[in-house]
Number of protein chains: 2
Amino acid sequence: MTLETLSTSKSHGGVQGVYRHASAATGTDMTFSVFVPPQAGAGAKLPVVFYLSGLTCTHANVTEKGEYRRACAELGLIFVAPDTSPRGEGVPDDPDGAYDFGLGAGFYVDATVEPFARHYRMASYILEELPGIIEANFPADMGAQAIMGHSMGGHGALTLALANPGRYRSVSAFAPISSPINCPWGVKALGGYLGEDRAQWRRHDATALIEDGARLDALLVDQGDADPFLAEQLKPELLEKACRAAGIPLALRMQPGYDHSYYFISTFMADHLRWHAERLRFR
Amino acid sequence: MTLETLSTSKSHGGVQGVYRHASAATGTDMTFSVFVPPQAGAGAKLPVVFYLSGLTCTHANVTEKGEYRRACAELGLIFVAPDTSPRGEGVPDDPDGAYDFGLGAGFYVDATVEPFARHYRMASYILEELPGIIEANFPADMGAQAIMGHSMGGHGALTLALANPGRYRSVSAFAPISSPINCPWGVKALGGYLGEDRAQWRRHDATALIEDGARLDALLVDQGDADPFLAEQLKPELLEKACRAAGIPLALRMQPGYDHSYYFISTFMADHLRWHAERLRFR
């Protein structure tokens with residue numbers, strides 16, 4: 001596996017890079033960004049935070065707008081931002097070109113329905129292939145991984161962590177899709193990628209996973225109360241109810257006046273990274 | 001004069017907005033962004049920092065990538081980011097469509113040469129019209145203005161401050177074009193906007209203005225030593241020599257390994273804002 005360096009720039013004392021590789025999981029080229037903080041060097045291995053982005057995004061959105069580098073440089077965290085779907089020739093898209101399915105909308109599942117099953121394997125990519133690439137190419141302590149995400153990526157972070165106990169030391173989300181089986185974005189995506197057997201969908205729904213017995217040690221969620229997707233798509237109250245019933249300590253912070261944008265995410269990014277750093281250090 | 005609000009989002013406790021208005025100075029619509037920090041309200045008037053962007057940019061580049069909001073929220077600063085040229089139907093561009101003249105490249109001068117003299121009046125826009133709009137629409141203390149900029153915008157910040165003594169309480173720049181009369185970008189732009197009488201150019205060249213007697217109380221400049229434009233276009237050594245001869249205290253910080261991008265700017269943005277805040281508060 002060769003990793004192609006598309007760009008590197010020094011920033012906040014570390015190095016922000018963008019990389020591309022031929023992915024076995026998706027059968028396409030995949031692009032991702034990595035920030036390596038100034039603590040790297042001389043054999044040091046550093047904890048890794050994976051950040052999963054939302055609908056329509058690539059690695060670039062959080063890399064440009066996420067304001068994570070200062071905190072990662074202070075805390076000694078590697079920050080990895082993958083793409084949200086396979087892309088390229090031969091990769092099928094939403095038949096109507098909608099933004100909420102297909103390109104930019106992989107929903108972090110391995111599709112089982114044609115024509116998507118061939119390339120849309122984002123769960124395998126995030127859980128298996130990408131960590132291997134990070135371990136092989138960056139000074140990463142793969143025993144200290146955290147995962148976070150925004151919106152569709154919040155769904156991805158929560159479901160991948162819940163379905164793979166012990167894999168991530170800590171989990172957090174900004175405005176996650178809390179229960180895709182109960183919202184239009186999720187019903188469309190899970191039906192399109194997994195088919196109409198709804199029993200299969202529950203393994204890709206954070207709230208249902210908790211109801212079905214999956215557990216986390218703790219969970220931090222920030223949600224703007226001026227988010228236009230709050231009531232119809234995000235529904236944090238479903239996640240909150242499931243966490244309460246399961247005894248999962250959920251810090252759900254409703255942030256007054258904040259919307260769904262990176263202006264919201266960047267405001268609370270440093271809080272999340274500090275929360276992860278505390279849990280990545282003590283183990 | 002009516003100001004149209006294109007968007008507002010809460011961020012870092014304040015409000016990041018984007019606004020448009022019909023400009024008398026340029027004869028076009030002009031778009032700019034303003035961050036108002038959480039200290040606003042209850043009649044408080046806050047200091048204002050104007051940030052002038054570089055070639056090819058609009059207000060959006062620094063608004064998305066500049067990482068200024070956290071520091072402005074801590075320090076109580078309003079941050080204003082204008083466009084870099086007039087735009088729209090009837091606005092002439094570089095005849096070859098080059099990036100370094102015309103649209104996105106106004107160089108913060110009032111053009112005197114046709115066909116540019118009609119719309120390319122960025123000096124009047126930044127010095128006169130935009131401050132009036134800020135004063136009328138935002139909780140701004142216009143007795144406490146600072147100016148900063150990047151590359152072409154660093155040139156703009158330095159020359160507007162030097163040519164208008166007392167107007168700005170403080171001035172700083174990232175990787176400024178230090179002497180446009182001595183670099184290809186500047187020779188093309190000043191020739192194109194002002195004509196071939198080079199005596200006119202000196203009033204739009206920071207180094208020449210200092211040589212000709214203009215003064216600043218102090219100046220902060222950050223420059224990456226891996227900036228690909230350093231030797232041919234930026235030439236901070238010319239500014240440094242002029243400041244030394246004139247007794248202007250210049251803090252020229254050569255930053256090892258940094259390039260010309262917002263990964264560089266965002267690293268040192270908070271330093272610059274603290275430097276401005278100190279000078280805006282004590283007067």
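Lettering follows sequence order; numbering is per chain, from 1. Basis for what follows: all heavy atoms, side chains included, without hydrogens, waters or symmetry-related copies. Just so it is clear, the model here is predicted, and its values are computed rather than measured.
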* To do: Pick one of side chain, backbone, both or neither for A:Ser9, based on which atoms fall under 4.5 Å of a heavy atom in chain B.
  => both

* To do: Grab the two heavy atoms, one from A:Arg70 and one from B:Thr267, that are nearest each other, plus how far apart they are.
  => NH2-O, 3.3 Å

* Asked: Between atom CD of B:Glu64 and atom CD of A:Glu64, what is the distance when rounded to the nearest 0.5 Å?
  -> 7.0 Å

* Asked: What part of B:Ser261 lies closer than 4.5 angstrom to a heavy atom of chain A: side chain, backbone, both or neither?
  -> side chain

* Smallest separation among heavy atoms of A:Thr8 and B:Asp259, with atom names -> O-OD2, 4.4 Å

* To do: Would you indicate whether the side-chain heavy atoms of A:Tyr263 and B:Thr63 approach each other to under 4.5 Å?
  => yes

* Structure fact -> Value for NE2 (A:His12) from CZ (B:Phe264), rounded to nearest 0.5 Å, stands at 11.5 Å

* Asked: Side chains of A:Arg69 and B:Glu67: closer than 4.5 Å at any heavy-atom pair?
  -> yes

* Quick one: what part of A:Gln16 sits under 4.5 Å from any heavy atom of chain B, side chain, backbone, both or neither? -> side chain

